[in-house]
Amino acid sequence: MENINNITEFVLLGLSQNKKIRHLCFLLFLFCYIGIWMGNLLIMISITCSQLIDQPMYFFLNKLALSDLCYTSTVTPKLVTDLLAESSMISYTSCMTQLFVMHFFGGIEVFILTGMAYDRYVAICKPLHYAAIMNRRRCYAIVIASCTGAFLHSFVQCLLTISLPFCGPNEIDHYFCDVYPLLKLACTDTYRVGILVVANSGMMGLVTFVVLVLSYLLILYTLRAYPAESRSKALSTCSSHVTVVVLFFVPVLFIYIRPAMTFPEDKVFALFYTIIAPMFNPLIYTFRNTEMKNTLRKVWCQKLCLSGRSQENESAELTFILLGFSEYPELQMPLFLIFLTIYTVTVLGNLGMIMIIQINPKLHTPMYYFLSHLSFVDFCYSTVVTPKLLENLVVEDRTISFTGCIMQFFFACIFVVTETFMLAVMAYDRFVAICNPLLYMIVMSQKLCSLLVGTSYFWGIACSLTYTYFLLTLSFCGTNFINNFVCEHAAIVSVSCSDPYMSQKIILVSATFNEISSLMIILTSYVFIFVTVMKMTSTGGRHKAFSTCASHLTAITIFHGTILFLYCVPDSKSSWLMVKVASVFYTVVIPMLNPLIYSLRNKDVKETVKKLINVKLFCDTM
């Protein structure tokens, strides 16, 4: 039969067609994916930044965490976004790529788990020769062999699948592209190919499984001669690994070491090795490993609780003093009243905007969906900073604990970075609405909108974790006066008594990248918008198009101008008064202006507000 492929894309049927179940799964798997990233990154950073990286067991654990991240990221993002879509399409090329990458990183994980079992065997059965056998050269050799074996396995699986013709149905009864569901769709006899696929998976699975079982049989045999206490300790070091092996290997063996056919239960079993195992691996190795828990405390908790302790008096936790506007005592009360009014308007404006968008069906469009999230970010951001500012304007004690300062910086960073990209997303939304109005609702689908918003939040959390980690590597002693009203990066670094070079460069490079990438999206969008609008023959249409962009442009100008001044110009820190004024704009003023700008210049919002007021007045007169 001639190998002709008429299929250019496949339809992934996913887990369920029930909308309620899909929405529930979306929230569940989204939180799982965030937990996978945070847990595995925590493991990787803790091991890398401690002496555990020199121990073979933790060297392999570090690689396992990286493998988990790469492995689940080939499947989970697509699964999460598809749960909000009416139908899930994937191109033939993307499908084959996903198949190859998934089996590649899955194979790496299988081989690394086997290498970890061999490491435990050497540590327990040959403790005197452990350092000599499991030297760094051998550890790297095991990792390289794992990657090579995984590549060969994945290459064969992908090659066998690509060789098949697809010319009939294109619906894959799964949530990702896997070998057996694709064999089912091929328009040819797949018996021989199925045997080769099973032989390929079976050879890898059986070889690794034999090594695993043999290692632990030898371990158990050796432990018979150990005293009870040593036996308990040895078994505890193996229990985490055994748990992970069972959680990952059992569903993998069930699916791949059998005749090439599909069962309805395959989707459920696949969830174990694509999502559940990568999420539980860091938890298992953390909660069941004393040495790992101690390292986490040392690397993270100790930095939060002890890095801020004075070298001369380690019993007292370091506290910072936020100078704020204390050099102008006559302005303290007027500033308090001004900022209190601004914060009140910020809370009422942003929460009111969210409520208005929710209750008016006419506002259930992508533009207002993004605006509701922008209002939420503004509310959270202002709430992180302004209450402490108001407190310091009316009390003599302007201290803030080291932990409190770091937490304020952490949450402020999340919302600043998120707002940066939320404004870029809104610019792209305006570009589609004005330049492609007929395709607007198709292009800006619910799935894409959720993906864009989720990515903005995710990137904000990732950047904030990075900035905060490098801040925690600094030590503090002597002067602890922060010449600002907020725990801003430059102000914290200025009171550090260690070299802040790395922390400063990281935030400079990252902030510059965030600004350039977001501004490129915004500028490109508005260049196309401007060209399209100037081609319009109708003056009314041109005026309407510009009016829908004016609010967004105003918010962008104020926000990005301030951020560029503070974070992307190294010499801008020369005047602390200018830094404070700039900080007031993006921490206090902008969160208040955004709902005002969008409501005063938006006809739909004003009409909704008028209706609410009329309904309220009518009810009060009844």
Side-chain angles (χ1 to χ4, degrees), residues 300-329 331-333 335-340 342-343 346-347 379-417 463-498 500 503-504 507 566-567 573 576-589 591:
W300 297 94
C301 298
Q302 193 175 32
K303 286 201 174 286
L304 280 171
C305 301
L306 299 180
S307 291
R309 296 182 189 272
S310 172
Q311 290 181 351
E312 299 175 354
N313 183 9
E314 295 189 1
S315 63
E317 183 181 3
L318 173 71
T319 56
F320 294 126
I321 298 175
L322 295 170
L323 295 179
F325 299 96
S326 58
E327 64 267 36
Y328 307 105
L331 295 178
Q332 298 294 295
M333 190 52 63
L335 287 175
F336 172 79
L337 295 174
I338 292 171
F339 293 145
L340 178 62
I342 290 174
Y343 183 58
T346 300
V347 173
F379 166 73
C380 294
Y381 184 52
S382 181
T383 303
V384 168
V385 175
T386 312
K388 186 64 180 176
L389 167 61
L390 293 173
E391 177 190 344
N392 290 343
L393 287 170
V394 294
V395 299
E396 293 295 328
D397 183 13
R398 297 185 178 90
T399 60
I400 183 172
S401 67
F402 177 80
T403 303
C405 190
I406 293 297
M407 293 305 293
Q408 186 188 64
F409 173 79
F410 172 74
F411 285 108
C413 278
I414 290 177
F415 297 119
V416 168
V417 176
C463 288
S464 185
L465 282 171
T466 304
Y467 303 157
T468 305
Y469 170 74
F470 281 98
L471 267 185
L472 292 175
T473 61
L474 303 177
S475 58
F476 298 89
C477 53
T479 305
N480 58 357
F481 292 95
I482 292 183
N483 194 11
N484 209 328
F485 62 88
V486 61
C487 289
E488 189 262 339
H489 184 269
I492 299 174
V493 165
S494 67
V495 299
S496 169
C497 58
S498 59
S503 182
Q504 288 175 323
I507 198 167
L566 278 175
Y567 292 105
K573 308 297 186 294
W576 281 108
L577 178 59
M578 292 297 294
V579 171
K580 292 178 189 178
V581 173
S583 298
V584 166
F585 268 93
Y586 83 91
T587 59
V588 180
V589 178

At their closest point, which heavy atom of Val384 faces which heavy atom of Ala412, and how far apart are they?
CG1-N, 4.1 Å
For Val588, which of Ile342, Val486, Thr346 qualifies under side chain to side chain contact (heavy atoms under 4.5 Å, CB included)?
Ile342
Shortest non-hydrogen separation from Cys487 to Leu322 and the atoms involved:
SG-CD2, 4.2 Å
Minimum-distance pair of heavy atoms, taken over all atoms of Asn392 and Gln332
O-OE1, 4.1 Å
Gap between atom CG of Leu390 and atom CG of Leu337 - 0.5 Å precision
10.0 Å
Let's go through Leu471 and Val493 carefully: what are the C-alpha distance in whole Å and the side-chain angles of both, what is the deciding distance for side chain to side chain contact (heavy atoms under 4.5 Å, CB included) to 0.1 Å, and is it a yes or a no?
CA-CA 8 Å; Leu471 267 185; Val493 165; 4.0 Å; yes
For residues Pro591 and Tyr381, report the shortest heavy-atom separation together with the two atoms involved.
CG-CD2, 4.3 Å
Within a strict 4.5 Å, meaning less than it, do heavy atoms of the Leu472 and Phe402 side chains meet?
yes
Report the distance from atom CD1 of Ile482 to atom OG1 of Thr399, rounding to the nearest 0.5 Å.
11.0 Å
Looking only at non-hydrogen atoms, find the nearest pair between Val394 and Phe336 and report the distance.
CG1-CD1, 3.4 Å
Check whether the SG atoms of Cys463 and Cys413 are less than 2.5 Å apart, and answer yes or no.
no
Pairwise side-chain contact, Phe481 with Val495, heavy-atom cut-off 4.5 Å (strictly under):
no
Quick check: do Tyr343 and Pro387 have side-chain heavy atoms less than 4.5 Å from each other?
yes
Indicate yes or no: at least one non-hydrogen side-chain atom of Leu340 is less than 4.5 angstrom from one of Thr386.
no
Looking at CZ of Phe415 and OG1 of Thr383, how far apart are the two atoms once the value is rounded to the nearest 0.5 Å?
8.5 Å
Approximate separation, where rounding is to 0.5 Å, of Leu474 CG and Ile492 CD1
9.0 Å
For Gln408 versus Val385, what's the shortest heavy-atom pair and its separation?
NE2-CA, 4.1 Å
